[in-house]
Amino acid sequence: MEKKCMKLSEDVFGYVYDVVDGQTWYVQHILNRLYDIGGEIDIRLINDTIMASVMEQEVAFLNYYESLTYNQSQLLLAIARDKSVESVLSQDFIHRHSLPASSSVSLALKALIEREFVYKFNGKFIIYDRFFAIWLRNL
């Protein structure tokens with residue numbers, strides 16, 4: 001970035017890091033895209049860059065989403081909206097997102113984990129693909 005006289009403040013980098021939960025591939029992808037664009041780096045440009053990356057994969061994301069059962073898709077949306085969830089079986093989580101009975105949520109979670117849409121990290125369930133999670137939050 002120095003070669004292009006680009007500056008990336010610590011706060012702006014922190015924003016990139018937080019949006020993708022510090023996942024190295026996503027951070028590198030976003031910074032690479034910003035480098036290609038050049039110019040002043042601010043939050044608006046970062047958000048535009050992220051959304052461009054997300055939208056490039058929209059067809060795949062739509063196919064993933066449409067391959068899910070209703071309960072799986074609703075659970076995946078709920079996890080995406082909360083970004084991370086300690087207990088998908090808690091009554092608070094189920095009621096807040098108008099999910100079905102906990103037994104149905106449990107079955108949906110098992111399927112989402114098996115298909116590698118969701119995994120548990122640091123005691124919380126999160127969506128594996130950070131760009132897919134962003135896409136889901138924008139539905």
Side-chain angles (χ1 to χ4, degrees):
M1 292 194 160
E2 271 183 34
K3 289 180 184 179
K4 285 185 131 179
C5 297
M6 297 173 67
K7 294 186 193 261
L8 181 67
S9 73
E10 191 173 318
D11 289 343
V12 172
F13 178 79
Y15 178 79
V16 171
Y17 187 89
D18 290 343
V19 167
V20 294
D21 303 316
Q23 295 297 308
T24 305
W25 185 90
Y26 296 93
V27 171
Q28 289 175 339
H29 175 84
I30 294 164
L31 293 178
N32 188 355
R33 299 279 303 255
L34 291 169
Y35 180 82
D36 288 343
I37 293 168
E40 182 70 26
I41 299 172
D42 59 14
I43 301 297
R44 182 198 54 76
L45 181 59
I46 290 168
N47 287 335
D48 290 349
T49 301
I50 290 169
M51 285 312 295
S53 294
V54 168
M55 295 315 292
E56 287 171 4
Q57 298 179 65
E58 184 172 38
V59 171
F61 293 156
L62 188 57
N63 285 330
Y64 297 155
Y65 186 72
E66 289 179 346
S67 74
L68 301 172
T69 67
Y70 179 77
N71 287 346
Q72 291 166 3
S73 66
Q74 294 310 296
L75 177 57
L76 193 64
L77 279 171
I79 294 170
R81 289 181 180 132
D82 282 9
K83 296 186 180 178
S84 66
V85 181
E86 194 167 323
S87 176
V88 298
L89 300 178
S90 76
Q91 288 305 308
D92 174 58
F93 179 77
I94 289 172
H95 288 343
R96 256 186 316 109
H97 295 286
S98 302
L99 297 172
S102 59
S103 59
S104 297
V105 171
S106 181
L107 286 172
L109 178 63
K110 182 179 178 193
L112 292 173
I113 290 170
E114 286 174 1
R115 293 187 62 191
E116 297 183 349
F117 286 118
V118 172
Y119 73 107
K120 199 167 192 175
F121 180 72
N122 287 339
K124 294 185 177 185
F125 293 100
I126 61 173
I127 296 182
Y128 183 80
D129 186 323
R130 299 311 189 273
F131 288 161
F132 187 34
I134 292 167
W135 183 83
L136 287 164
R137 284 194 289 276
N138 285 289
L139 284 182

> Are Leu107 and Val85 linked, directly or through other ILVMFWY residues, by side chains that come within less than 4.5 angstrom of each other?
Replying inline: no

>> On a heavy-atom basis, which atom in Ser87 and which in Phe93 lie closest, and how many Å separate them?
In response: O-CB, 3.8 Å

> Is there a side chain to side chain contact (heavy atoms under 4.5 Å, CB included) between Tyr17 and Ile30 once you walk through the steps?
Replying inline: CA-CA 10 Å; Tyr17 187 89; Ile30 294 164; over 6 Å; no

> Within the side chain of Gln72, is there an N or O that forms a donor-acceptor pair under 3.5 Å with the backbone of Thr69?
Replying inline: yes

>> Would you say Tyr70 ends up clustered with Tyr64 if hydrophobic residues are merged whenever their side chains have heavy atoms under 4.5 Å apart, either directly or through other cluster members?
In response: no

> Does some side-chain heavy atom of Asp82 sit less than 4.5 Å from a side-chain heavy atom of Arg96?
Replying inline: yes

>> Using 0.5 Å steps for rounding, measure from the CZ atom of Phe61 to the CE atom of Met55.
In response: 9.5 Å

> Nearest 0.5 Å, what's the CG-CD distance between Leu34 and Glu40?
Replying inline: 11.5 Å

> Does any N or O in the side chain of Ser106 come within less than 3.5 Å of the main-chain N or O of Ser102, such that one atom is a donor and the other an acceptor?
Replying inline: no

>> What verdict does the side chain to side chain contact (heavy atoms under 4.5 Å, CB included) test give for Leu75 and Val88, after you've listed the backbone C-alpha separation in whole Å, the side-chain angles of each residue and the deciding distance to 0.1 Å?
In response: CA-CA 8 Å; Leu75 177 57; Val88 298; 4.1 Å; yes

> With the 4.5 Å side-chain cut-off for hydrophobic clustering, are Ile79 and Leu62 part of the same group?
Replying inline: yes

> What distance do Leu8 atom CG and Tyr15 atom OH have between them, rounded to the nearest 0.5 Å?
Replying inline: 13.5 Å

> Are the side chains of Gln91 and Ile94 in touch, meaning some heavy atoms are under 4.5 Å apart?
Replying inline: yes

> How far does CG of Leu77 sit from CG of Leu139, to the nearest 0.5 angstrom?
Replying inline: 5.5 Å

>> Can a donor-acceptor pair be found, under 3.5 Å and without considering hydrogens, that links the side chain of Tyr26 to the backbone of Arg130?
In response: yes

> Between CZ of Phe13 and CD1 of Ile46, what distance do you get to the nearest 0.5 Å?
Replying inline: 10.0 Å

> What's the verdict on side chain to side chain contact (heavy atoms under 4.5 Å, CB included) for Ile126 and Tyr119, showing C-alpha distance, side-chain angles and the deciding distance?
Replying inline: CA-CA 6 Å; Ile126 61 173; Tyr119 73 107; 3.5 Å; yes

> Can you name the closest pair of heavy atoms from Ala80 and Ile127 and give their distance?
Replying inline: CB-CD1, 3.4 Å

>> Is the ring pair Trp135/Tyr65 parallel, tilted or perpendicular, if the boundaries are 30 and 60 degrees?
In response: perpendicular

>> How long is the straight-line distance from CG of Asn63 back to CD of Gln57, given to the nearest 0.5 Å?
In response: 12.5 Å

>> Just to verify, what does Asp129 make a salt bridge (Lys or Arg N to Asp or Glu O under 4.0 Å) with, not counting sequence neighbours?
In response: none

> Can you find a pair of side-chain heavy atoms, one from Val19 and one from Ile134, that are under 4.5 Å apart?
Replying inline: yes

>> Can you give me the closest heavy-atom contact between Glu116 and Tyr128, atom names plus distance?
In response: O-CB, 3.5 Å

> Under 4.5 Å between side-chain heavy atoms, hopping through other hydrophobics if needed: is there a path connecting Val118 to Trp25?
Replying inline: yes

>> Please determine whether side chain to side chain contact (heavy atoms under 4.5 Å, CB included) holds for the pair Leu68 and Leu112, giving the CA-CA distance in whole Å, both sets of side-chain angles, and the decisive distance to 0.1 Å.
In response: CA-CA 9 Å; Leu68 301 172; Leu112 292 173; 3.8 Å; yes

> CD of Glu56: more than 12 outside heavy atoms within 6.0 angstrom?
Replying inline: yes

